[in-house]
Visitor: 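Okay, handing you the structure first.
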Protein chains: 2
Amino acid sequence: MVREKTIGRLSLYRRLLTELQGEGPKSVYSHQLAARAGVSAAQIRRDFMILGYSGSPAQGYEVAKLLDSITHFLDAPESQGAILVGVGNLGRALLAYFGTGRARLRIEAACDNDPKKIQRVIHGCHCYAMVEMPEVIRRQSIRTAIITVPAPEAQAVANDLIEAGIRGILNFAPVRLHVPEGVFVENMDMAVALEKVAFFARQHV
Amino acid sequence: MVREKTIGRLSLYRRLLTELQGEGPKSVYSHQLAARAGVSAAQIRRDFMILGYSGSPAQGYEVAKLLDSITHFLDAPESQGAILVGVGNLGRALLAYFGTGRARLRIEAACDNDPKKIQRVIHGCHCYAMVEMPEVIRRQSIRTAIITVPAPEAQAVANDLIEAGIRGILNFAPVRLHVPEGVFVENMDMAVALEKVAFFARQHV
DNA sequence: TATTCATTGTGATATTTATAACAATGTTAT
DNA sequence: ATAACATTGTTATAAATATCACAATGAATA
Ligand SMILES: NC(=O)c1ccc[n+]([C@@H]2O[C@H](COP(=O)([O-])OP(=O)(O)OC[C@H]3O[C@@H](n4cnc5c(N)ncnc54)[C@H](O)[C@@H]3O)[C@@H](O)[C@H]2O)c1
Ligand SMILES: NC(=O)c1ccc[n+]([C@@H]2O[C@H](COP(=O)([O-])OP(=O)(O)OC[C@H]3O[C@@H](n4cnc5c(N)ncnc54)[C@H](O)[C@@H]3O)[C@@H](O)[C@H]2O)c1
């Protein structure tokens, strides 16, 4: 009953609403948010049905209440952290990105099997050895992981993560992971994405 | 008539088939490829309908012919290049990734507005000044761009790229770009992706 | 040769996702 | 007070996407 696409958009709306809030407005209409999000106003209203919060036809939605509703729906009661495995080129970029100022969902720990990286702090995040990983995950109740190890290592790393209690994986390795029922995997396949863009760049002449 | 999801999967199949080819087999059944791709066998056969190449019920698909068919369908007759704008943390990681050994779709040029980066070669890719960008795009007939500049800069950069002839954008900035009809945009929104994973990590207990 | 078998290609069907349509609401202008 | 209006919430409809089902194929076996 929970639509996958809806979850992604709610996360987007939250970010846009937070930006909007900084600009002043206390309320917003669906068509205004739609313009920023690049979706239709009907899509927005439909997505909001799941929240249990209603706007008014006259004032639209109160930004603060809307943000509360989305956060209540999306987030865990206690703040949630993620662990990143593979502190290479991409892993470091992600640590820089998700480290700075995001209270919501932080990368709380990193792991690598390269002795040169272990026990060092990279972009404010401690890098543990792989043997420490299960302990870190259990201690900090982490359920979400980011995989940025080379493709041939990804499945083994995923297995270890799941064994340690991880239930959601954001996978950047260009491999389709085999995971048991109940584990959610989102693939960020950049090579596929770029080829798709190149294809459609050619279609509409 | 061309399904967006199908294009993405064809790109994935091509990569998997190339790997498979290296392992020896000259032919493959839909269910074998399906296992690697993490999709159903029926999905694969349906996707292949668009190619105009048929396998045989007895031997399955000839890997070499299948690869030819996919490449003929996906790729431009002449090889296509991409330009990357914003040589920061993420941009450099992407240059490293798309530079090494990918004949198919290379990042042929990079741009930045930071004087410290301009006219330098980063991971084998020349970094041009922004004023040179339109000239580079026209000279090398580039139609695909990757945006890795800070969010507030992304729309302006997109406008300039489109003005210069770009028709497809892979956008990493957490902003929804407004583009004219006929320009294809694929958003790689990692913050949204991570929140989605965190959400579903919590669903299946 | 006839039979068995796993597989293909594709029409039919189901599910997911997006759009359209409109009564209900409540504010504003007259 | 009332008519005009823009917007909401939700139902109805459409479009995109995925799965199912099975006749047709042809190699392998008896
Ligand atoms: N660099 C990019 O922009 C980019 C883009 C798309 C996809 N990817 C994918 O992301 C992954 C990482 O790419 P990268 O460029 O950062 O590679 P990288 O080689 O720079 O980094 C890989 C890191 O993983 C570590 N590692 C290797 N095996 C490990 C293991 N078994 N356990 C723990 N750590 C291990 C290495 O020590 C290294 O620090 C690859 O799968 C790559 O295909 C990268
Ligand atoms: N770092 C990540 O892993 C990550 C992850 C997800 C999204 N992003 C997004 O990708 C973008 C880049 O992230 P980053 O971490 O690489 O940032 P960064 O600050 O390291 O790099 C940005 C680069 O863009 C250049 N730049 C700035 N304005 C420009 C302009 N007008 N024209 C051309 N170049 C310009 C800067 O000189 C710099 O080199 C941001 O929008 C960020 O939100 C980054």
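We name chains A, B, ... by the order of the sequence lines, and we start the count at 1 in each one.
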Visitor: From the list C:dT17, D:dT19, D:dT8, which nucleotide is the closest neighbour of the side chain of B:Ser40?
Guide: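 For B:Ser40, the side-chain atoms sit closest to D:dT19.
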Visitor: Given D:dT7, C:dG9, D:dT10, which nucleotide is nearest the side-chain atoms of A:Met49?
Guide: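 For A:Met49, the side-chain atoms sit closest to D:dT10.
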Visitor: Closest to the B:Arg3 side chain: D:dT7, D:dT17, D:dG9?
Guide: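 From the listed options, D:dT17 comes nearest.
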Visitor: How close or far is atom P of C:dA6 from atom CD1 of B:Ile44, stated in whole angstroms?
Guide: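 For the pair B:Ile44 CD1 and C:dA6 P, the rounded distance is 20 Å.
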Visitor: Nearest whole angstrom, please: distance from the C1' of C:dT19 to the CG of A:Asp47.
Guide: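 Rounded to whole Å, this separation is 13 Å.
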Visitor: Counting side-chain heavy atoms from C-beta on, which of D:dA27, D:dT17, C:dT8 comes nearest to B:Glu4?
Guide: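 Of the options given, the side chain of B:Glu4 lies nearest D:dT17.
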Visitor: Within this structure, what is the NE2-to-P distance between A:His31 and C:dT19, rounded to whole angstrom?
Guide: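 After rounding, the reported distance stands at 17 Å.
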Visitor: Look at A:Arg9 and C:dA18 and indicate whether a side-chain polar atom (N or O) is within less than 4.0 Å of OP1 or OP2.
Guide: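 The answer is yes; a side-chain N or O of A:Arg9 sits under 4.0 Å from OP1 or OP2.
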Visitor: If you check every side-chain atom of A:Lys5, which of C:dT27, D:dT17, C:dA18 has the closest atom?
Guide: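 Nearest listed nucleotide: C:dA18.
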Visitor: Between A:Asp189 and A:Arg176, is the closest basic N to carboxylate O distance under 4.0 Å?
Guide: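 Looking at A:Arg176 and A:Asp189, the cut-off is met.
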Visitor: Both B:Tyr61 and A:Arg46 contact DNA chain C. Taking the nearest nucleotide for each, which residue is further toward the 5' end?
Guide: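 Result of the comparison: B:Tyr61.
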Visitor: Take the protein atom CD of A:Gln32 and the nucleotide atom P of D:dA6, then report the distance between them rounded to whole Å.
Guide: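 Spelled out: CD on A:Gln32 to P on D:dA6 is 14 Å.
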Visitor: Does a side-chain N or O of B:Ser30 approach OP1 or OP2 of C:dT8 to a distance below 4.0 Å, or not?
Guide: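 Yes, because at least one side-chain N or O of B:Ser30 sits under 4.0 Å from OP1 or OP2 of C:dT8.
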Visitor: Just compare C:dT27, D:dG9, D:dC22 and give me whichever is closest to any side-chain atom of A:Arg45.
Guide: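 Of the candidates, D:dG9 comes closest.
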Visitor: Should the ring pair B:Tyr29 and B:His31 be called parallel, tilted or perpendicular, given that the plane angle runs from 0 to 90° and is split at 30 and 60?
Guide: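 Parallel, since the angle between the ring planes stays under 30°.
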Visitor: Measure CD1/A:Ile7 against C1'/C:dT17 and give the value in whole Å, please.
Guide: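 After rounding, the reported distance stands at 14 Å.
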Visitor: Between the side chains of B:Glu163 and B:Asn159, is a donor N or O closer than 3.5 angstrom to an acceptor N or O?
Guide: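 Per modelled atom types, B:Glu163 and B:Asn159 side chains form no pair under 3.5 Å.
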Visitor: Using a cut-off of strictly less than 4.0 Å, decide whether A:Ser56 has a side-chain nitrogen or oxygen near OP1 or OP2 of D:dT8.
Guide: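 Result: no.
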Visitor: A:Pro57 or A:Ala42: which one's nearest nucleotide on DNA chain C is closer to the 5' end?
Guide: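 The answer here is A:Ala42.
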Visitor: Mark yes or no for whether B:Asn171, through its side chain, and B:Val175, through its backbone, hold a donor-acceptor pair below 3.5 Å.
Guide: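 It does hold such a pair.
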Visitor: In whole Å, what is the span from the CD atom of A:Gln59 to the P atom of C:dA24?
Guide: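 Distance, rounded to whole Å: 21 Å.
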Visitor: If I take atom CZ in residue B:Phe48 and atom C1' in nucleotide C:dT8, what distance separates them, rounded to the nearest angstrom?
Guide: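 Rounded to the whole Å, the gap is 12 Å.
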Visitor: Is B:Leu90 close to A:Leu90 at the side-chain level, that is, under 4.5 Å between some pair of heavy atoms?
Guide: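 Yes, their side chains come closer than 4.5 Å.
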Visitor: Side chain of B:Gln43, heavy atoms from C-beta onward: which of D:dA18, C:dT19, C:dG9 has the nearest atom to it?
Guide: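 That would be D:dA18.
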Visitor: Let me know the distance between CG of B:Leu66 and P of C:dT8, rounded to the nearest Å.
Guide: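 Distance check: B:Leu66 CG to C:dT8 P gives 11 Å.
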